[in-house]
Amino acid sequence: MDLLRHLRHFVVVARELHFGRAAETLGMAQPPLSQSIRRLEQELGAALFDRSQRQVRLTTAGQLLLGEADDLLAGERRLRHLADQVGRGTLGVLRVGVPPETPAVTVRALLDGLAARAPGLDLDLHELTSAEQRRMLAEGRLDVGLLHHPVEEAGLRFGKPVDVPVGALLPRTSPLARARAVALADLAGLDLVTAPPATAPGWHEHLLTVCRQHGFVPSRVRPARNPEFLFGLLLAGGAVAVEPAALARREPRIAWRPLVGAPLARRISAGWPNRAAHPAAPMFGRLAAEVLAAAETPAGPAFVTPSARPWPVLFEAGRDGKLSP
């Protein structure tokens, strides 16, 4: 029995106190309406209308039910509205992973942008490496993440990627910092400070490969997860890092210099599961692309979308958003 449908019929008849007018209001014939009311009375075990007179009247049970029915139907409308919001991804909780080195202004822009687009959505933000995000996405413990490419693509969909140019991070006292740009070959003999391989295996391998191809074979590869530790290693001398310009702004004693020929760019995009994806994941992917692309506009085009980038293509995005060499 469709109790709510019968209750809707009952409320209209109770307001009109006339089966003919009620049927017209509901856009249905009178006989099915009368049958609907009888089924409701049978289900509840009580007469709702007094039909003994020429005029239809509510019984005591009908009068009591009318107030309850209004509340039930209003509750149903609220539930349907809530379910629609959840289905469209504008209500509920979205579990998001972002890389540990994400600048504070970028995190703030993501939070503000999501609050503006989906004010009813609660953002559960986690600071995670790409490898940690990839694992948690596969395990269903994360809804969407900001991933560094190349990354294992099986079971994932990706939003629009953004390429972030990387350059050499050097102490301002280094002779190399006097140049406007630095060739990778000029870094020969220095240690390379970078995130541990386990944090983003694909990027780590690609970085070392490109460095070797351009004449830079680091004396040592020194892992640093925390920016402060990375800065400490650089300021101690004898080391270089290859990172985005935004990282250098955290430490005034560190200079960022672009790489000659722009042989490297760090690609980042939102990724979420192919199956049972959170309805808000694609919306977050679009927002993340906009925020990352606009992050450096006041200081110059440090973030460029793939269609406008001036440096070599490292990983190309197909129409479905998947990346290929």
Side-chain angles (χ1 to χ4, degrees), residues 4 71-149 151-164 199-200 244 246 266-298 303 305-306 317 319-323:
L4 292 173
D71 291 341
L72 284 171
L73 293 174
E76 182 213 16
R77 289 191 293 272
R78 288 194 298 271
L79 284 174
R80 289 184 182 277
H81 178 64
L82 289 175
D84 178 65
Q85 287 182 297
V86 171
R88 290 186 288 110
T90 57
L91 192 69
V93 178
L94 182 68
R95 300 167 298 175
V96 178
V98 297
E101 72 276 7
T102 304
V105 291
T106 300
V107 173
R108 174 65 184 273
L110 289 171
L111 291 170
D112 289 347
L114 198 67
R117 298 186 185 198
L121 190 63
D122 182 18
L123 186 64
D124 184 13
L125 203 60
H126 299 267
E127 184 185 38
L128 300 164
T129 67
S130 288
E132 291 169 336
Q133 291 182 52
R134 185 67 184 84
R135 184 174 64 254
M136 291 178 66
L137 286 167
E139 294 171 352
R141 295 190 291 132
L142 201 67
D143 297 313
V144 61
L146 287 182
L147 298 162
H148 292 305
H149 295 272
V151 65
E152 183 186 349
E153 299 175 9
L156 290 183
R157 293 184 61 191
F158 295 97
K160 185 178 181 181
V162 174
D163 285 345
V164 184
T199 62
R266 179 174 287 182
R267 170 165 286 188
I268 186 170
S269 71
W272 59 91
N274 258 327
R275 297 183 179 180
H278 193 291
M283 175 185 65
F284 180 84
R286 292 189 294 271
L287 171 64
E290 293 172 11
V291 168
L292 292 172
E296 294 291 319
T297 49
F303 287 83
T305 57
R319 293 182 179 179
D320 58 356
K322 292 186 175 181
L323 303 178

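Please read all numbers here as calculations on a predicted model, not as lab measurements.
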Checklist entry - Would Phe158 and His149 count as a close aromatic pair, with their ring centres under 6.0 Å? => result yes
Checklist entry - Looking only at heavy atoms, which two atoms of Ser130 and Ala200 are closest? And how far apart? => result CB-CB, 4.1 Å
Item to check | Shortest non-hydrogen contact between Pro282 and Pro279, atoms and distance | outcome: CD-O, 3.5 Å
Item to check | Check: Met283 and Leu121 side chains under 4.5 Å, non-hydrogen atoms | outcome: yes
Item to check | side chain to side chain contact (heavy atoms under 4.5 Å, CB included) evaluation trace for Val164 with Leu292 | outcome: CA-CA 9 Å; Val164 184; Leu292 292 172; 6.0 Å; no
Next on the checklist: What's the separation between atom CG in Asp143 and atom CZ in Arg95, rounded to the nearest 0.5 Å?
Outcome noted: 4.0 Å
Next on the checklist: Using 0.5 Å steps for rounding, measure from the NZ atom of Lys160 to the CD atom of Glu290.
Outcome noted: 8.5 Å
Donor-acceptor list for residues 96-108 side chains, cut-off 3.5 Å, not counting sequence neighbours:
from, atom 1, to, atom 2, distance (Å)
Glu101, OE2, His148, NE2, 2.6
Thr102, OG1, Pro99, O, 2.7
Arg108, NE, Asp112, OD1, 3.1
Arg108, NE, Asp112, OD2, 2.8

Checklist entry - What is the distance from atom CG of Leu123 to atom CG of Leu110, rounded to the nearest 0.5 Å? => result 8.0 Å
Checklist entry - How many angstroms lie between atom CD of Glu132 and atom CE of Met136, to the nearest 0.5 angstrom? => result 8.0 Å
Checklist outcome for this item: Nearest heavy-atom contact between Ala288 and Leu146 is CB-CD2, 3.6 Å
Item to check | Sub-4.5 Å side-chain heavy-atom contact between Val144 and His278 | outcome: no
Next on the checklist: Quick check for you: to the nearest 0.5 Å, what is the distance between Leu142 atom CG and His126 atom NE2?
Outcome noted: 6.5 Å
Checklist outcome for this item: Residues Trp272 and Gly285: closest non-hydrogen pair is CZ3-CA, 4.3 Å
Next on the checklist: Given 3.5 Å as the limit, does a donor-acceptor pair link the side chain of Arg134 with the main chain of Glu152, or not?
Outcome noted: yes
Checklist entry - Could you state the interatomic distance from CG (Asp122) to CG (Leu94), rounded to the nearest 0.5 Å? => result 9.0 Å
